[in-house]
Amino acid sequence: MKYDFRRIEEKWQSYWEKNDLYTVSDSGENRYYTLEMFPYPSGKLHMGHVRNYSIGDVVSRFKTMNGSTVLHPMGWDSFGLPAENAAIKNNTHPNEWTWNNIENMRSQLKKLGISYDWNREVASCHPDYYKWTQWLFLLFYKNNLAYKKRSQVNWCPSCATVLANEQVVSGECERCGSTVTKKELEQWFFRITDYAQRLLDDLEKLGGWPEKVKLMQKNWIGRSEGASVDFAIEGLGEEIRVFTTRPDTLFGATFMALAPEHPLCRQIVSGTAYEKDFTQFLERIKRMSEIERTSTELEKEGVFLGKYAVNPISGRKLPIYAANYILLEYGSGAIMGVPAHDQRDYEFAVKYKLDIVEVVRPEAEEAAPEGQAYEGPGTMVNSGKYDGMYYTEAMDSIVEDLERKGKGKKEIKYRLRDWLISRQRYWGAPIPIVYCPDCGEVPVPEKDLPVILPIDIELTGTGASPLARSEKFVNTTCPGCGKPAKRETDTMDTFVCSSWYFLRFTDPKNTEAPFAKEKADAWMPVDQYIGGVEHAILHLMYARFFTKVLYDLGLCSCDEPFENLLTQGMVLKDGAKMSKSKGNVVSPEDIIERYGADTARLFILFAAPPEKDLEWSDQGVEGCYRFLGRIWRLVEENVNSIKGVGGMDRASLNAEDREMLYVINRTVKKVTEDIQGRFNFNTAISAIMEMVNALYQYREREAFNPAVFSEGVNKLVVLMAPFAPHITEELWEMTGGEGSVHRQKWPVFDEEFLVKDMTTVVVQVNGKVRSRIQVPSGTDEEELKGLALEDERVKAYTDGRSIRKVIVVPDKLVNVVLGG
RNA sequence: GCCGAAGUGGUGGAAUUGGCAGACGCGCUGGACUCAAAAUCCAGUGAGGCUCAAACCUCGUGUGGGUUCAAGUCCCACCUUCGGCACCA
C-alpha cells in the first residue's frame, strides 16, 4: 500500500473534529498557553503563516504529550484598511470580503492539521468582540488614559487617514508607501507615555524574550536623562524652556533655537521687523515633507527672531533663532545651542557666525577634534566657578544651582509619544463617544454597547470617513440629556483590537465582560508567543501597555502578557522575500495538494532553525516527502514483525540489539531536548532521520530482534507525531496503537541503554588527530594516558622526542604535547 | 552616524560547556533492480598531495593578528551582508 497522503490527511482531520481532540477545558492540570499571532484575513495563507503555525503546533502537541493542558486558539485580526481597499477595487463590501476570507483561511488552516481549539475562535470585526474593544476604550477613557487633543499628526494623503508614529516608516506610510505629511487635527490618543518607564523597566522581567526585541523596544522608548532649564527672554515677560542631556555645557551656550512651529516664535516676532522673514521661513518649512524635514542631510537653517535670552547662571545674552533642525514634538521644542559640544549646533553656528565656546576639555589635549564639536567627557573650562570639575560633577552641581534659583530641574524625557488611535476610516471599531451641543463629549453608556458599525454605507475611497456621511449612524441622541447629538465617526486603530485578543481567548464567549478574571488568571500569561519580528515594536509594545493598564485596574493578575517570545524568520525564495511583484511566491495550497500537509510542515521545520530566515527549496520539499515515504515503508512493510510482539527480554540482547537501543534512546533524548530547550526542530528532525537510517540497517540483519525493532518503530511514530500529525496517526493505528497518537505520553529515554560499554577516544599529538582507541567507558585518566602513549600510531610521532605533557579528557580525548 | 545580528563544502544547514569541522537533507557521481523509465535500494562525495589501491600527509569555518595543549566557538583590529533607529537636544 502506497503512502496516500490525501486519504490519510482527510481521514484524520475529520476524526479529530468528530472526537473534539483539541478542545481544551479551563480546569485541566498543568495549564500551558501557546499562541501564534492571529492573522489578518487577507484571503490566502502564505508560507510565513505556515511556518508560524507549524512551530506553534509542534510546541502545543509536544506540551500536550508531556502532560500539559494546552490552550491553543486561533482567530482573526479582521478590521483594517485592506478590506476597504479590496472592497472598492472588487466592488464588494468589506464585511462580505472579510468573512469570505475568514472562511477560506479557516479551511486552509484545517488542511494544515494544526491543533486549534476552534470553539474559541474570535474575529475582531465581529460585534461580540468589538463590543469589548469599545468597552475597553471607555475603561481607558474613564481612567484618563484616553483623551482627545488637537495636534500635528501624521497624515497619509493616499489612505486619507492619520497614522501612529509607529506606522510611519522613514517618512512614508507603512501600508501604501505614500509620503506622509503633517496635518493639525483633533485626534484620540492613549496615554502610553504614562507607562514609558514601566514598559522600559519591565523589559528586564522578560527573560524569555530575544535580546534583540527588547533592545528595539528600549530604543523606541528612548529614555534620556537630563535637565530642563528656563531662559528669560529680554523685553518679553516670557521664558524659553529647553531640555538638555548636557547641563554641564550651560556656559557653552551661545544661542537659543526654537522649533519654527513653537508658539513662542510668533510671540517674539509679533509686530516687529523680523516677523516677515520668520513667516516666510515657517511657510517654507511647513511645505516640506516629513522625510525632507527630518533628513540628516538637510542643511541646518534658521532665522534670527530679533530678541535675546539670558543664561540663568552666567548671565550671557543669547540670540534667539527659529531653526529647522529643532523638532516641536521632542523635549520642549527648544534648545540651548552649544556649538563646541554638539555637532548640529556647531554646524548651525558656523553658518550664522555665532560664537563657539569650549567648556569641556578632553583629558588628553590632542583628543580635541578639529572642525567639529567635541561630545565626549572632560574637565570644565570657561565655566566660572565650575572650572576644573569633571563634567559629570559639573552636571550635578549646575542642576542643583538651577534648582535653587528655580530656573531648572532634573528631568527625564522619552522618545515614545502617546499612541494616536483614531482613524478616519470605515472598517474599524467605532469610538464610542457622542457629541452633544449641551453636554459636550459624552461616553456611550455600557448598556448601549456595542456601537454597531453600519453595514449599509457607501464606499467611495475618497474624502472624509464613510461613517461621517452616514446620516443614520451620525445622528443619535445624547445619553446624558436625550437631545439630538452626533456620534464620533472615527474608528480605532486595528492595533487596539489586537492588544487584548490573547485575553479574550481565555474566555471567548463571555457576554458580561471582555473576559472573566478567573479565566484570564488561569491561563495568562501566554507561555509561548510566536510571530514575526516585524511586530517587535508596534503590537508587542501596545499589548504590553494594555496588559499593564488592565493589571492596574484589577482586571487581570499579570502585568506582562507574554512570558516567552519566539520571533520567527522570514520565508525567502531565491534570497528574497516572497512577493507577487517578484513572482517568487510559493503557495501553501499547491504544496499541500502535491505533497500533503505533513510534508509541507516537515520541510518548513527542517530547512532552518525557526528564528532564522528560511530559503525555500522545491528539492528540499521532495526530500522531506521522500523521508515520510521512507518511514511509511519501514512500518508498512514490517507491520507483521511489529504488531503483537511482546516486551523485550533484556537478558537476551546481543551487542547489535544494544547498539540499536542506544540509537533509539539517544534519539528520544535529543529530540526531547531540541524541542523543549531550544526549539531547534531542524536538528530534532535530522536526529529522527538518523534513527530511521539505523532502523533500516538493523532490519537488514538476519538475526534482528522483532521486539527491539518494534520498540524503535513505536518510538519513531510517537516522536514524529508533533511534526507530521496525520501520517503518524495512520501508522499508529496500523501498528495496533490504542486511540490517537496525539494522546500518547511523550517517550522517556532509558538511561541503561545510553551507557555504552566501549567508547572511542581520540588521540591527538600536538593538537592533531593521529589515532583513535577503543576503551571501556569510564576508563580513568592515568590508564587512558598509558593506552594512548602505547598506541602504535602515536609512537611513530613520539619516538625519540620528549613528551612535555599529556592532556586527558575522559571518554573523549587525549592530547600528547611534545617538547622542543 | 548610532545600536544589533550574521558570514562554515556545489547547496540548506550541524557542531548545545573551548575538545574528532562539515551531522542530517538537497545536488552530483557510480552501482543494483528494469526491455526502458519512474520509484526504490546500496556506495561515494571539502580542497590539494601521494598511491594500482588503501594507509597516510598538507590545507581548510569572511580577512589579519592574539590567547590556549587544543579555537567555527574566547580576545583585538578590519571587511562584507542583513535588520532596527536616525537632526530625539
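Both backbone and side-chain heavy atoms feed into the values below; hydrogens, waters and symmetry mates do not. Convention: sequence-line order gives letters A, B, ...; per-chain numbering from 1.
Here A:R770 does not reach the OP1 or OP2 of B:C20: none of its side-chain N or O atoms lies under 4.0 Å away. Checking the phosphate oxygens (OP1, OP2) of B:A14, no side-chain nitrogen or oxygen of A:R678 falls inside 4.0 Å. Side-chain nitrogen and oxygen atoms of A:K812 include none within less than 4.0 Å of the OP1 or OP2 phosphate oxygen of B:G19.
Spacing of C1' atoms, B:A43 relative to B:G65, comes out at 44 Å, to the nearest Å. With C1' as the reference atom, B:G13 and B:G25 are 9 Å apart, rounded to whole Å. Here, B:C69 and B:C74 have their C1' atoms 16 Å apart, quoted to the whole Å. Taking atom C1' on both nucleotides, B:U61 is separated from B:G46 by 11 Å, rounded to a whole Å. When the P atom is used for both B:C82 and B:U8, the distance is 15 Å, rounded to whole Å. Nucleotides B:A39 and B:U34 place their C1' atoms 11 Å apart, quoted to the nearest Å. Taking atom C1' in both B:A15 and B:U63, one finds a spacing of 23 Å when rounded to whole Å. If you take atom C1' in B:C78 and the same atom in B:G7, they sit 14 Å apart, rounded to whole Å.
Atoms CG and CE, from A:L628 and A:M720 in turn, are 5.5 Å apart once rounded to the nearest 0.5 Å. Summarising the geometry, atom OH belonging to A:Y3 is positioned 4.5 Å from atom CG belonging to A:D598; distances are rounded to the nearest 0.5 Å.
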Table please: side-chain donor-acceptor pairs of residues 805-818 of chain A below 3.5 Å, with sequence neighbours left out.
{"residue": "A:D811", "atom": "OD1", "partner": "A:G778", "partner atom": "N", "Å": "2.9"}
{"residue": "A:D811", "atom": "OD2", "partner": "A:G778", "partner atom": "N", "Å": "3.4"}
{"residue": "A:N815", "atom": "OD1", "partner": "A:G767", "partner atom": "N", "Å": "3.0"}

Pair up each side-chain donor or acceptor in residues 567-578 of chain A with any protein partner under 3.5 Å, not counting sequence neighbours, and list the distances.
{"residue": "A:Q568", "atom": "OE1", "partner": "A:N52", "partner atom": "ND2", "Å": "3.4"}
{"residue": "A:Q568", "atom": "NE2", "partner": "A:G48", "partner atom": "O", "Å": "3.1"}

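Note that A:K300 lies outside the cation-pi zone of A:F348, set by a 6.0 Å cut-off to the ring centre and a 45° limit from the axis.
The CD1 atom of A:I675 sits 19 Å away from the P atom of B:U16 (whole-angstrom rounding). Regarding A:D342, its CG atom lies at a distance of 17 Å from the P atom of B:G1, rounded to whole Å. In this structure, A:E636 atom CD and B:U40 atom P are separated by 15 Å, rounded to whole Å. Rounded to whole angstrom, the span from the CG atom of A:D811 across to the P atom of B:G19 amounts to 16 Å. Rounding to whole angstrom units, NZ of residue A:K768 and P of B:A70 are separated by 11 Å. Put simply, CD on A:Q697 is 12 Å from P on B:C41, counting in whole angstrom units.
Checking B:A86, B:U16, B:A55 against the side-chain heavy atoms of A:R793 singles out B:A55 as nearest. In the set B:A89, B:G19, B:C56, the nucleotide with an atom closest to the side chain of A:Y797 is B:C56. If you check B:G19, B:G13, B:U58 against the side chain of A:A608, the one that comes closest is B:G13. Listed nucleotides B:C87, B:A15, B:C41 differ in distance to A:R633; the shortest reach to its side chain belongs to B:C41. Of the candidates B:G19, B:C69, B:C3, the closest approach to any side-chain atom of A:N219 belongs to B:C3. Nearest to the side chain of A:Y325, among B:C87, B:A89, B:A86, sits B:C87. The side chain of A:N815 sits closest to B:C69 out of B:A89, B:C69, B:G84. Candidate nucleotides B:C85, B:C87, B:A89 were compared by shortest atom distance to the side chain of A:N324, and B:C87 ranks first.
Within the 4.5 Å cutoff, side-chain heavy atoms of A:V357 are placed close to those of A:R316. Side-chain contact check for A:V671 versus A:D674: every heavy-atom pair is 4.5 Å or farther apart.
Residue contacts for A:D674: at a heavy-atom cut-off of 4.0 Å it reaches a base atom on one of the strands shown. Nucleic acid contact for A:L614: none, since no nucleic acid atom lies under 4.0 Å from a heavy atom of the residue. If you check every strand for non-hydrogen atoms under 4.0 Å, A:K300 touches a base. If you check every strand for non-hydrogen atoms under 4.0 Å, A:S224 touches sugar and phosphate atoms only.
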Problem set entry | Residue pair A:E375, A:R246: steps toward the salt bridge (charged side-chain N to carboxylate O under 4.0 Å, His left out) verdict | CA-CA 10 Å; A:E375 295 178 346; A:R246 294 291 302 273; over 6 Å; no
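Closest approach of A:L789 to A:K795, counting heavy atoms only: O-CG, 3.5 Å. For the pair A:V360 and A:G376, the tightest heavy-atom approach, listed with the atom from each and the gap, is CG1-O, 4.0 Å. Taking every heavy atom of both residues into account, A:F281 and A:E301 meet most closely at CZ-O, 3.7 Å.
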Using a cut-off of under 3.5 Å, enumerate the N/O to N/O pairs linking the protein to nucleotides 45-48 of chain B.
none

Between the protein and nucleotides 4-11 of chain B, which nitrogen or oxygen pairs are less than 3.5 angstrom apart?
none

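Residues passing the side-chain hydrogen bond (donor to acceptor under 3.5 Å, both in side chains) test with A:N682, sequence neighbours excluded: none. For A:R633, the side chain to side chain contact (heavy atoms under 4.5 Å, CB included) partners at least two apart in sequence or on another chain are A:R630, A:E637, A:Y696. Scored by the ring pair (Phe, Tyr, Trp, His ring centres under 6.0 Å) test, A:Y662 finds no partners at all (sequence neighbours excluded). Qualifying ring pair (Phe, Tyr, Trp, His ring centres under 6.0 Å) partners for A:W209, counting only residues two or more places apart in sequence or in other chains: none. Listed by chain and number, the residues in a side chain to side chain contact (heavy atoms under 4.5 Å, CB included) with A:K409 are A:S228, A:R241, A:E403, A:E411 (sequence neighbours excluded). When the side-chain hydrogen bond (donor to acceptor under 3.5 Å, both in side chains) test is applied to A:E792, no partner is found at least two apart in sequence or on another chain.
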For this session: Indicate for each nucleotide in nucleotides 21-31 of chain B, in 5' to 3' sequence, whether protein heavy atoms under 4.0 Å reach the base (B), only the sugar-phosphate (S), or nothing (-).
Result: --BBSSS----
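Because its glycosidic torsion is more than 90° from 0, B:G60 is reported here as anti.
Residue-to-nucleotide proximity on RNA chain B shows that, of A:A334 and A:M216, the 5′-proximal contact is made by A:M216. Toward the 5′ end of RNA chain B lies the nearest nucleotide of A:T760, the other residue of the pair A:I807 and A:T760 mapping further downstream.
Side chain A:R772 to base B:C20: a donor-acceptor pair is found below 3.5 Å. For A:K670 and B:U16, a side-chain-to-base donor-acceptor distance below 3.5 Å is present, hydrogens and geometry of angles not being considered.
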Exercise. Where each pair must be Watson-Crick or G-U wobble with both distances under 3.5 Å, what dot-bracket representation of RNA chain B is obtained, with crossing pairs in [ ] and other-strand partners as |?
Worked result: (((((((..(((......[....)))((((((.......))))))((((......))))..(((((..]....))))))))))))....
